[in-house]
Amino acid sequence: MLFSFLAVNLLLAAGYLYLVNNLVLTAAAYEHHQNESERLSAELALLESQFTKKAATITMDYAYSLGFEDATSRSLFAYRTPASSPFISATALSLAQSGLVYRP
């Protein structure tokens with residue numbers, strides 16, 4: 001009887017120590033992740049501020065100097081293949097790009 005009482009108490013004490021240890025480790029990990037989250041939020045705010053400042057310096061003249069062109073001259077940038085055929089010929093492609101309709 002005394003042996004089973006001691007065995008149960010030992011088992012309960014081991015379980016208690018395990019749970020307390022797990023609680024302490026979880027609290028430490030939570031604090032670490034909370035600090036990391038705050039650090040990343042501050043870094044993100046800094047990067048967003050830098051992006052906003054740089055985005056304000058981009059103008060059309062700057063884009064032209066980099067070689068960009070107005071896209072308004074191209075009204076068709078995508079085309080659709082005819083439903084009757086999954087493939088489109090080179091002639092049909094050139095017609096579609098010129099704005100003409102291809103009907104097989």
Side-chain angles (χ1 to χ4, degrees):
M1 176 87 170
L2 181 64
F3 179 73
S4 18
F5 178 73
L6 289 175
V8 169
N9 279 339
L10 184 61
L11 184 64
L12 289 175
Y16 176 77
L17 289 176
Y18 170 77
L19 291 175
V20 168
N21 184 38
N22 194 16
L23 177 68
V24 169
L25 291 176
T26 302
Y30 177 80
E31 184 177 352
H32 169 74
H33 291 301
Q34 188 69 25
N35 291 338
E36 185 70 10
S37 174
E38 290 172 4
R39 184 189 69 77
L40 290 173
S41 292
E43 184 179 350
L44 179 63
L46 177 66
L47 291 173
E48 286 176 344
S49 171
Q50 291 173 352
F51 172 78
T52 303
K53 287 178 185 175
K54 288 185 179 187
T57 64
I58 297 174
T59 62
M60 290 302 287
D61 292 332
Y62 180 64
Y64 292 141
S65 72
L66 293 176
F68 287 92
E69 299 175 359
D70 284 327
T72 56
S73 63
R74 296 182 190 171
S75 61
L76 179 69
F77 64 93
Y79 62 90
R80 186 174 177 179
T81 59
S84 62
S85 172
F87 303 104
I88 189 166
S89 67
T91 304
L93 177 60
S94 65
L95 289 173
Q97 289 175 338
S98 67
L100 300 175
V101 177
Y102 171 70
R103 300 200 190 276

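A donor-acceptor distance shorter than 3.5 angstrom exists from the side chain of Thr52 to the backbone of Glu48, with no hydrogens or angles considered. Between the side chain of Ser37 and the main chain of His33, no donor-acceptor pair closer than 3.5 Å is present.
The number of heavy-atom neighbours closer than 6.0 Å to CD of Glu31, taken from other residues, nucleotides and ligands shown, is 12 or below.
Put simply, the side chain of Asn35 does not reach to within 4.5 Å of the side chain of Arg39, judged on heavy atoms.
Between atom CG of residue Asn9 and atom OG of residue Ser4 there is a gap of 10.5 Å, rounded to the nearest 0.5 Å. Asn21 CG to Thr26 OG1: the interatomic distance, rounded to the nearest 0.5 Å, is 9.0 Å. We find the CG-CG distance between Leu40 and Leu44 to be 8.5 Å, quoted to the nearest 0.5 Å.
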